Amino acid sequence: MSATPPPLSSETYSASSITVLRGLEAIRMRPAMYVGSTGPEGLHNLVLEVVQNAVDEALEGHCTRIDVTLHEDGSCSVEDDGRGIPVETHPEAGIPACEVVFTMLHSGGKFAEGVYSAPGGLHGIGLAAVNALSESIEVDIWRDGSHYRQRYTQGEPGPLERLGDSSRHGTRVHFMPDRRIFRADTGARAHHRIAEGAVAEHLQGQAFLQPGLTVTLTAGSRQHTWCYASGLAGYVSWLNTDRDPVHPEPIELRAEADGVEVHVALQWTHKYAEDLRGYVNRIYTPQGGTHLEGLKAALTHVINEAAVERIEG
């Protein structure tokens, strides 16, 4: 016989029980809600969020190169030759626009119409999440003939400094993940480090998905450079290099409806296991989604129809 639950008490659940988290507190308290975990996956997502901002610049035709460096101390830097994050004072927040992006949730250029056509990442959260989960960040911005720098410590911004004139354009974000948050189970002082292999796989995929974009990864004495003109079909060919393809060239399909563009590349191989990868706005969707379910349903329908016609004919 089950015990009778105790009566509800207004003393244990009242207005004072409601916690209000301001600024970046929510991200630091529940980091896995924003970046997936406090392990290797979360660290990889920090890199991905910074890289994605550079990829979005490339998608709009403003960036031709992205350079990622995994430093010996466990930090990471991502540099691009895009337009550079705006630095002028934000009209509503009253602080530099770059500071808004790094310190305020649900802010950024991805919400504004006409700035980015198909942006990826955690809209308005990505760079703020990286800042919240980093011990320190140094942001260099080259824009409008000037070089600017701003440092953040435990999420708190320092002053935006103008370092001098420069003809360059772009952004470099150098961040040190917070080792208290990304702590490993192997010891009190041990912490997870950004996995070179996972970052390399992601960067190579982005180079395929954005033809002409040059992407480099430097880790110690190792440097990888990727740049492809073949696009999605080339990506599929590369994935199937050792899988004995049935036909030499991938089948490539493009269509657009209601403002949504769909791009598909298919190649059958002699392997029994399928390798089906889906992306939305160049973001890999490992859990699938309606885009993949729709593809599989349509493909099955077409193949079944062709098989029936062949049998009956």
Side-chain angles (χ1 to χ4, degrees), residues 35 40-85 98 101-102 116 118-122 126-127 130-131 134 136-143 147-149 163 166-177 192-239 241 277 279 281-284:
V35 297
E41 178 192 357
L43 280 173
H44 174 252
N45 283 335
L46 292 186
V47 181
L48 185 152
E49 286 302 326
V50 183
V51 168
Q52 192 57 48
N53 281 273
V55 171
D56 288 339
E57 284 287 283
L59 288 173
E60 300 302 318
H62 302 295
C63 171
T64 63
R65 187 178 186 90
I66 301 174
D67 299 308
V68 180
T69 303
L70 304 182
H71 301 280
E72 294 291 340
D73 62 357
S75 64
C76 174
S77 59
V78 179
E79 182 173 342
D80 66 63
D81 62 350
R83 290 171 289 185
I85 302 174
C98 55
V101 171
F102 278 92
Y116 294 108
L122 295 168
L127 290 181
V130 176
N131 185 28
S134 295
S136 62
I137 287 185
E138 184 174 86
V139 184
D140 285 274
I141 300 169
W142 294 272
R143 183 182 172 93
H147 177 195
Y148 300 91
R149 177 175 293 165
L163 301 183
S166 177
S167 59
R168 294 177 58 183
H169 53 87
T171 304
R172 180 173 63 217
V173 179
H174 183 188
F175 67 95
M176 170 63 81
H192 295 290
R193 294 178 68 89
I194 298 170
E196 180 182 344
V199 174
E201 181 179 2
H202 174 76
L203 295 180
Q204 186 173 17
Q206 290 300 318
F208 269 117
L209 295 173
Q210 183 62 28
L213 175 66
T214 299
V215 184
T216 69
L217 173 63
T218 303
S221 59
R222 299 174 301 281
Q223 186 174 72
H224 313 274
T225 301
W226 301 283
C227 183
Y228 304 100
S230 52
L232 193 61
Y235 191 19
V236 171
S237 292
W238 177 79
L239 290 171
T241 301
R277 304 192 183 198
Y279 293 81
N281 293 354
R282 270 70 171 184
I283 300 296
Y284 179 46

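Computed from heavy atoms alone, side chains included, the values below leave out hydrogens, waters and symmetry copies. Everything numeric in this text was worked out from a predicted model, so none of it was measured.
Interatomic distance, His174 NE2 to Ser75 OG, rounded to the nearest 0.5 Å: 3.0 Å. For the atom pair OG of Ser77 and NE2 of His71, the computed distance is 3.0 Å after rounding to the nearest 0.5 Å. Remark: Leu70 CG to Ile194 CD1 distance equals 5.5 Å, nearest 0.5 Å. To the nearest 0.5 Å, atoms CZ (Arg83) and CD1 (Ile141) are separated by 13.0 Å. Leu163 CG to Asp140 CG: the interatomic distance, rounded to the nearest 0.5 Å, is 7.0 Å. Note that OH of Tyr148 and SG of Cys98 are 9.5 Å apart. Values are rounded to the nearest 0.5 Å.
The closest side-chain heavy-atom distance from Asp67 to Thr218 is not below 4.5 Å. Residues Leu213 and Arg65 are not in side-chain contact: their nearest non-hydrogen atoms beyond the backbone lie 4.5 Å or more apart. Looking at heavy atoms from C-beta onward, Ile66 lies out of side-chain contact with Thr216 at the 4.5 angstrom threshold. Contact annotation: the side chain of Leu127 approaches that of Val50 to within less than 4.5 Å [non-hydrogen atoms, C-beta and beyond]. Contact check for Arg172 versus Trp142: side-chain heavy atoms found under the 4.5 Å cut-off.
Checking Gln52 against Asp56 by side-chain atom types alone, a donor-acceptor pair falls below 3.5 Å.
At distances below 3.5 Å, not a single donor-acceptor pair connects side-chain atoms of Glu79 with backbone N or O atoms of Val173. Using a distance-only test at 3.5 Å, with no hydrogens or angles considered, no donor-acceptor pair links the side chain of Asp80 to the main chain of Ala54. Between the side chain of Asn281 and the backbone N or O of Ile283 there is no donor-acceptor pair closer than 3.5 Å.
Between Phe208 and Tyr235, the ring-plane angle classifies as parallel under the 30° and 60° cut-offs.
Ion pair Arg193/Glu72 not flagged as a salt bridge, since none of the NZ, NE, NH1 or NH2 atoms sits closer than 4.0 Å to an Asp/Glu carboxylate oxygen.
Pairing each heavy atom of Gly234 with each of Ser230, the nearest pair is CA-OG, 3.3 Å. Contact between Asn131 and Ile137 at its shortest, heavy atoms only, is CA-CD1, 3.4 Å. Across all their heavy atoms, His44 and Ala198 have their closest contact at NE2-O, 3.5 Å. Arg277 and Tyr279 get closest at one heavy-atom pair: CB-CE1, 4.1 Å. Nearest heavy-atom pair, Pro211 versus Ala229, reported as atom, atom and distance to 0.1 Å: CB-O, 4.0 Å. The heavy-atom pair separating Asn45 from Val35 by the smallest distance is ND2-O, 2.7 Å.
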Subject >> Candidate pair Ser134 and Met176, rule side-chain contact (heavy atoms from CB on, under 4.5 Å), full reasoning >> reply: CA-CA 5 Å; Ser134 295; Met176 170 63 81; 5.7 Å; no

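By the salt bridge (Lys or Arg N to Asp or Glu O under 4.0 Å) test, Asp81 is found to be paired with no residue, residues two or more places apart in sequence or in another chain being considered.
Between His169 and His62, the ring center distance fails the sub-6.0 Å criterion.
With respect to Val51, the side-chain contact (heavy atoms from CB on, under 4.5 Å) criterion is satisfied by exactly one of Val55, Asn53, Leu48: Val55.
Residue pairs that meet the side chain to side chain donor-acceptor pair (under 3.5 Å) test with at least one member in residues 195-214, sequence neighbours left out, are Glu196-Arg222, Glu196-His224, Gln204-Tyr228.
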